[in-house]
Trainee: 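Dumping the structure here so I can ask a few things about it.
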Amino acid sequence: MIVKLKFIFVILECLIYVNGERIIGAICDDGNFLNHATFDVAVEAASRNEKNAFVSSVVKTSPGDINEAELAMCSLLEQNILGVFGPQTRNTLEHVQSLADYFEIPQIITEPIEILNRNWSAVSLYPHHNTYSQVFADIITMKGWTEFTIIYEGAELLPFLNNIVSIEDLGSGEEVSIKFIQLPGDADYRSQLKNIKVSGSLNYVVICQLKNLLNLLEQAQQVGIMSDEHSYLIMNPDFQTINISPFKHGGSNVTGIRFFDPELKEIQELIISINGKVKELSDNQLTDAIKENGLTLNLALMYDSVMLYTSAIKAMSLEYGGNVTCDSDETWNLGSTVINYVRTNEIDGLTGLIKFNEEGFRTDIEVEVFEVMAHGLEKVGTWNSEDGYTLSRKVIPVAEEEGTDSMKGKHFIVITALSAPYGMLKESSKKLEGNDRYEGFGIEIIEELAKMNEFNYTFDIQTDGVYGSYDAKIGKWTGMMEKIMDGRADFAITDLTITAARQKVVDFTSPFMNLGITILFKKPSKQPPDLFSFISPFSYAVWGYLTGAYVGVSALLFLLGRFAPEEWQNPYPCIEEPETLDNQWTLANSFWFTLGSVLTQGSEIAPIALSTRMAGSLWWFFTLIMVSSYTANLAAFLTVESKFYAIKSVADLSNNPYDIKYGAKKGGATYGFFKESDNILYHKMYQYMDEHPDLMTQTNEIGLERVKNENYAFLMESTSIEYMVERNCDVARVGGMLDSKGYGIAMKKNSPYRQPMSESILQLQEQGKITRMKDKWWKEKRGGGACADDDASSGDAQPLVLANVGGVFIVLAVGSGLAIVCAFFEMIVNVWFISRKAKVPFLEELKAELMFVFSFSGDVKPVRHRESSDTSTDSKKENKEDDEESQEEENDVTNRIPTPSQRSSHSRHVSHSRRQSNASYMAKVRKSSKP
């Protein structure tokens, strides 16, 4: 009863509070403005004609950052949101879902996900994976495939193949062979595609991310598995948004699906609204973020989800959200009620009818099935959850049925431009006429195509060199494009780039050459030699470790010299039982010994004990390797000249640290690339070129001259730069390619000659003829190969790092450890012998020895001959006599100490005062040990 009253109170409170803001939250971690803009546009659309409008609250986070996603969720909860949308990355989506479960806040999901944490907390508008896979299973069944290969990108996509894989289990009486190929993480799939080709499979089901789909199909075309005997079924619902031009005439049957027709009026209006919102959010930096038919399913689902959820809020007359925060344990009492209402609600959205099953999944969908044809995408059927796949193919146009024979015996006008090496006037002392006047790469391609397709042709020259672009001022195309569209020429061949804008008004063959935009600039200048280049062979880390090894081994030798009994030598060979012993391993001598080894000069000091010899030998081995490595690498540093690169990439050119001017060919495809790009860096470069029209050139040759004579960089296609670099030794290509595109032969829209020409070009590529043509015209003809590639054989010498010489440090460390163990063992053995000979306790003798070693009192050691300290004293008189005897012995030792000149032949010189002090110390020790 109490619970019911509380629930009624909350309902009344919601109804009374009519003037508050109805806030809907969203977390966007897609790395761009598209989801943010779509969400805002949808909320604004849902607020039309509403007295209390909805308010969007969007928090942008880094892609995949769980901590930022959690903070974003907590921030939204403090605003009393009615629900949360997103995020888009899988791991953050699941984390936010758990938070929404805990606080009972409704979450709307538009990303593919197989399961929900709890049945009530979330609603997913993305089609359920079982339903989605059934679409393609029915298409495969309709096509009658008895074998196919599934090409997938990641394991997370496997649930969307459930019903496709189950085709094997159908009792149709005919076995279905299914192979699986997983794509690697990099962008090169040729190895996997070649394996597919070798396997003999002709049918392929492809499921991968949209950003990799175009690259996959291009490489499949290169490998040779996109001919008329191959069939593709593309599972990505956004397949319609990519550029299908390269695959329209390859002969392959390519099938895909879509949830909406991109040409519908409401879709086009939504694209315009989203583009406007993106421009607003990016401070006018991005325009046309979505192309004419580039609306993806996820963005359409975002719009539909907002409309669905707000309709439920309106129906329930909710005016404010759950008053919960991350710091409290409270939950929103109406959360489950809202979710249940959304699940029972149905609307007709952009992606069709939206309704859910009891688990919160969308299982009732309807999609269009289309195929790639020569004239574009053509609808061939529909699929819905009730009726399955229904075929509705149209009649193929007559133009597509024409084959290679359609060109036989015909005469065509081929327009080209005098642009080396694609089209050039032939150098001859004789007067030439007709087609014999021209030569070049493009000219030779047309000659080969004419032989293969048995047609005749006449070349026409575009005298102004304008390839063609749309001029908004006059409202029409210019140059070669205009002549092709008007029918004044049949084909156009030169370094003519296939672009989306040109593809709309003319047709292109398959690319006969692939390329990209890059930078032409002066060759890097040589740097003057460094005054301290002798330091360069080793990195700073290695120099540091080398210094540490020098100090460490020197200190180790000093310590080992004090430990090792054999290093304490009799300073007076004539005296059999000396009172003191000398040690050559003073601290200075230790450092001098190791320094002499490093400098390969040696020293007069030689190790005597096994432990010091071991340490010294390892140090010599260490210095041998280090000095040899240093000498070898120093030679490289002194012989290789470093080069100064003013720019290394387009980012360096954009930042312009050395005031380098840059431009491109006026009205060309390169200039159009920067103009149409939504990349902020490229758009910045376009603004620079647009503001400096004097930096634009009419031809590539003018750009080359400016590069050679000015502080100027020229942006152009990589193939043209390769041609110039082969002949102009003072310029070079800088950086990688900014894009990937191709040169093709242009012809009139919907031309029947596109397919035979494309097939012939592919045949030339497979035979290697186009590659041989390129080598001929780039590296052999017209001065090609004049410039040796000196950058290919030379490079900057690299300093040795710890990874190169770390092994010798390890050997030195291990050897030093063994030397310490050996020295300690020698000392133990020596103490044991002394203790037995002098009949004193071993531990007492060891203690006295260690005390002397670690006292570091000098390099003179008194000899101890003591009896056991346990012997009792006979009388005080005897002690007195011993004191007198000790005093006389001390004086006698002092008188017997030789002068420094008497010991000049000995290498271990010590001062008289130090020896006298140690003699006194020895006498005191002997006195204390007398009974």
Trainee: Are the side chain of Ser654 and the backbone of Val650 linked by a donor-acceptor contact shorter than 3.5 Å?
Mentor: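 Pair absent, no side-chain N/O of Ser654 close to backbone of Val650.
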
Trainee: Looking only at heavy atoms, what is the nearest atom pair of Ala713 and Ile647, with distance?
Mentor: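 So the two residues come closest at CB-CD1, 4.4 Å.
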
Trainee: Verify the neighbour count for atom NZ of Lys749: are there more than 12 heavy atoms of other residues, nucleotides or ligands below 6.0 Å?
Mentor: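 Counting other residues, nucleotides and ligands, NZ of Lys749 exceeds 12 neighbours.
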
Trainee: Any luck finding a side-chain donor-acceptor pair between Gln462 and Asp464 under 3.5 Å?
Mentor: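 Gln462 vs Asp464: donor-acceptor pair found between side chains.
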
Trainee: Is it true that a side-chain atom of Thr416 and a backbone atom of Ile493 form a donor plus acceptor pair closer than 3.5 Å?
Mentor: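 Pair found, side chain donor or acceptor close to backbone of Ile493.
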
Trainee: Would you mind checking if Lys781 and Glu439 are paired as a salt bridge, meaning a charged N to carboxylate O distance below 4.0 Å?
Mentor: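 Looking at Glu439 and Lys781, the cut-off is not met.
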
Trainee: If you count every heavy atom of other residues, nucleotides or ligands that lies below 6.0 Å from Lys60 atom NZ, does the total exceed 12?
Mentor: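 Yes, enclosed.
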
Trainee: Would you find a donor on one side and an acceptor on the other, under 3.5 Å apart, between the side chain of Asn236 and the backbone of Asp238?
Mentor: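 Between the backbone of Asp238 and the side chain of Asn236 there is a qualifying donor-acceptor contact (under 3.5 Å).
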
Trainee: Output, in order, the C-alpha distance, side-chain angles, deciding distance and verdict of side chain to side chain donor-acceptor pair (under 3.5 Å) for Asn298 and Gln88.
Mentor: CA-CA 9 Å; Asn298 283 26; Gln88 289 73 45; over 6 Å; no

Trainee: Could you check whether the rings of Tyr682 and Phe673 sit parallel, tilted or perpendicular, using 30° and 60° as the cut-offs?
Mentor: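 Tilted, since the angle between the ring planes falls between 30° and 60°.
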
Trainee: Could you give me the CA-CA distance, side-chain angles and deciding distance for Glu263 and Asn293, then say whether side chain to side chain donor-acceptor pair (under 3.5 Å) is met?
Mentor: CA-CA 7 Å; Glu263 297 180 0; Asn293 62 336; over 6 Å; no

Trainee: Less than 3.5 Å apart, any donor N or O on the side chain of Gln687 or Glu691 sitting next to an acceptor on the other?
Mentor: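 Looking only at side-chain atoms, Glu691 and Gln687 do not form any donor-acceptor pair under 3.5 Å.
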
Trainee: Describe, in one word, how the ring planes of Phe441 and Tyr422 are oriented to each other, choosing from parallel (under 30°), tilted (30 to 60°) and perpendicular (over 60°).
Mentor: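 The arrangement is perpendicular - the two ring planes meet at more than 60°.
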
Trainee: Hey, is the main chain of Thr89 close enough, under 3.5 Å, to the side chain of Asp29 for a donor-acceptor pair?
Mentor: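 Pair found, side chain donor or acceptor close to backbone of Thr89.
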
Trainee: Can any side-chain N or O of Ser718 pair as donor or acceptor with the backbone N or O of Leu515 at less than 3.5 Å?
Mentor: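 Answer holds: no.
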
Trainee: Could you report the tightest heavy-atom contact between Leu216 and Val206, atom names first, then the distance?
Mentor: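 Taking Leu216 first and Val206 second, the nearest heavy atoms are CD2-CG1, 3.4 Å.
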
Trainee: Is atom NZ of Lys741 surrounded by more than 12 heavy atoms (other residues, nucleotides or ligands) closer than 6.0 Å?
Mentor: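 Correct, the count exceeds 12.
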
Trainee: Thr719 and Trp778: which non-hydrogen atoms are nearest, and at how many Å?
Mentor: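 The pair with the smallest heavy-atom distance is O-NE1, 2.9 Å.
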
Trainee: Between Trp477 and Glu482, which heavy-atom pair has the shortest distance, and what is it?
Mentor: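 Closest heavy-atom pair between Trp477 and Glu482: O-CB, 3.4 Å.
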
Trainee: Going by atom types only, do Asn212 and Glu153 share a side-chain donor-acceptor pair under 3.5 Å?
Mentor: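 Side chains of Asn212 and Glu153: pair found under 3.5 Å.
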
Trainee: Of Ile680, Asp690, Leu653, which meets side-chain contact (heavy atoms from CB on, under 4.5 Å) against Met685?
Mentor: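 Result: among Ile680, Asp690, Leu653, Leu653 is the only option passing the side-chain contact (heavy atoms from CB on, under 4.5 Å) with Met685.
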
Trainee: Just wondering, are more than 12 heavy atoms of other shown residues or ligands nearer than 6.0 Å to NZ in Lys291?
Mentor: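 It does: Lys291 NZ has more than 12 such atoms within range.
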
Trainee: What's the verdict on side-chain contact (heavy atoms from CB on, under 4.5 Å) for Leu496 and Met481, showing C-alpha distance, side-chain angles and the deciding distance?
Mentor: CA-CA 10 Å; Leu496 185 62; Met481 295 294 100; 3.6 Å; yes

Trainee: Please give me the minimum heavy-atom distance between Leu520 and Val725, naming the atom from each residue.
Mentor: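 Where Leu520 meets Val725 most closely, the heavy atoms are CD1-CG2, 4.2 Å.
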
Trainee: Are the charged groups of Glu292 and Lys504 less than 4.0 angstrom apart, N to O?
Mentor: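 Judged by the 4.0 Å cut-off on N to carboxylate O distance, Glu292 and Lys504 do form a salt bridge.
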
Trainee: More than 12 non-hydrogen atoms from neighbouring residues, nucleotides or ligands closer than 6.0 Å to NZ on Lys675, yes or no?
Mentor: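 It does not: Lys675 NZ has 12 such atoms or fewer within range.
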
Trainee: Quick one: does Arg258's side chain have a donor or acceptor within less than 3.5 Å of a partner on Phe370's backbone?
Mentor: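 A pair under 3.5 Å: no.
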
Trainee: Can you check whether Tyr662 and Tyr688 have ring centres sitting under 6.0 Å from each other?
Mentor: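 Under 6.0 Å, so yes.
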
Trainee: Just checking, any donor-acceptor pair under 3.5 angstrom between side chains of Thr478 and Asp471?
Mentor: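 Thr478 vs Asp471: no donor-acceptor pair found between side chains.
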
